[in-house]
Amino acid sequence: MSGTNHRIDGKRLWDSLMAMAEIGATPKGGVKRLTLTEVDQRGRQRFAAWCEALGLTMRVDAIGNMFARREGRDPTRLPVLLGSHLDSQPSGGKFDGALGVIAGLEVMRSLNDLGITTEAPIELVNWTDEEGSRFGHSLMGSGAWAGIYPLDKVYGLRDVDGVTVEDALNAIGYKGEAPAAPFPADAYFELHIEQGPILEREARQIGIVTGAQAQVWYDAVVTGQDAHAGTTPPSARRDALVCAARIIDLVDRMMRARGEDGRGTVGQLHVLPNSRNVVPGEVRFSVEFRHPDTAEIDRLAAQSRARPASSPATAARPCS
Ligand SMILES: [Zn+2]
């Protein structure tokens with residue numbers, strides 16, 4: 001191939017992104033395309049039709065990962081992988097994941113238009129369930145493919161309605177024939193939007209990922225005592241929500257104590273009995289910490305497992 005700097009068709013890329021964003025579109029302009037749902041199925045089918053129109057060969061593996069292959073000139077060369085994920089969070093954006101997949105598609109389209117045969121084959125990947133929001137297990141498809149998550153265990157994971165991953169794969173017709181097992185590849189490229197504000201803040205158009213955020217997730221349960229809101233005096237209250245609120249504040253303080261790199265989030269809260277005139281007797285909530293440095297995440301995890309009362313972040317016990 002010559003050294004010409006070939007260009008993609010930016011309008012075609014944009015139009016395809018917008019066409020994918022119609023599937024699962026939300027009123028606020030985002031998408032809700034939860035993994036292995038009927039909406040995800042429609043996204044996959046649209047993607048598969050685009051690949052078919054390009055003459056790519058599609059194979060689907062046992063965890064639903066989709067690989068669309070464009071042959072190269074040299075059959076001994078390992079494939080170059082491009083891709084990302086088409087599933088989204090419940091309140092996802094148009095570009096997260098979809099950009100990586102559809103930008104790869106645009107590369108394939110441009111190669112076809114320009115009549116270019118690459119030396120190595122190229123495979124465009126749509127990984128199943130990158131988000132983890134339905135089955136509580138992020139990077140599920142790539143993790144099963146890489147052999148990090150045992151397939152049987154992944155098949156048995158259930159969503160809030162009790163539907164297993166295996167049932168969901170079968171329901172949408174995406175439990176494929178190919179084994180969910182790693183194959184050698186020459187390289188893997190993933191274009192991804194930045195999910196945070198830093199590039200914009202620094203007026204930069206593009207950056208290179210230097211590391212990923214290590215993360216730990218906890219499910220916390222605070223048990224107090226249900227009591228009448230009108231008749232129970234302060235001295236007799238064991239209010240689980242007030243306790244949870246203080247722990248949530250601690251999580252935020254722990255994050256801020258780590259500077260700009262640390263992340264600490266409570267994003268899910270279930271209050272029982274969730275009645276305006278009952279002192280809450282039980283609260284369940286999620287806690288997650290992230291940090292790019294594994295040693296720091298270990299420290300955060302150890303600190304968060306210690307009794308909250310002994311945390312240096314506060315002098316007072318969070319819950320008496
Ligand atoms: Zn993503």
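For reference, positions follow the sequence shown, starting with 1. Any value given below was found using the heavy atoms of this structure, including those in side chains, with hydrogens, waters and symmetry copies removed. In each ligand, atom 1 is the first atom listed, and ligand 1 is the first ligand listed.
In this structure, Arg109 is positioned above the aromatic face of Trp50, its NZ or CZ under 6.0 Å from the six-membered ring centre and within 45° of the axis. Geometrically, Arg158 does not engage Phe135 in a cation-pi contact defined by less than 6.0 Å to the ring centre and at most 45° from the axis.
Excluding waters, the set of protein N/O/S atoms under 2.8 Å from the Zn ion (ligand 1) reads His85 NE2, Asp96 OD1, His192 NE2.
Side chain to side chain, Gln303 and Arg258 meet the donor-acceptor criterion of an N or O pair below 3.5 Å.
Take Phe183 and apply the ring pair (Phe, Tyr, Trp, His ring centres under 6.0 Å) test, not counting sequence neighbours, and it matches Phe67, Trp145. Residues passing the side-chain contact (heavy atoms from CB on, under 4.5 Å) test with Pro179 are Ala181, sequence neighbours excluded.
The stretch residues 51-66 participates, sequence neighbours left out, in these salt bridge (charged side-chain N to carboxylate O under 4.0 Å, His left out) pairs: Arg59-Glu123.
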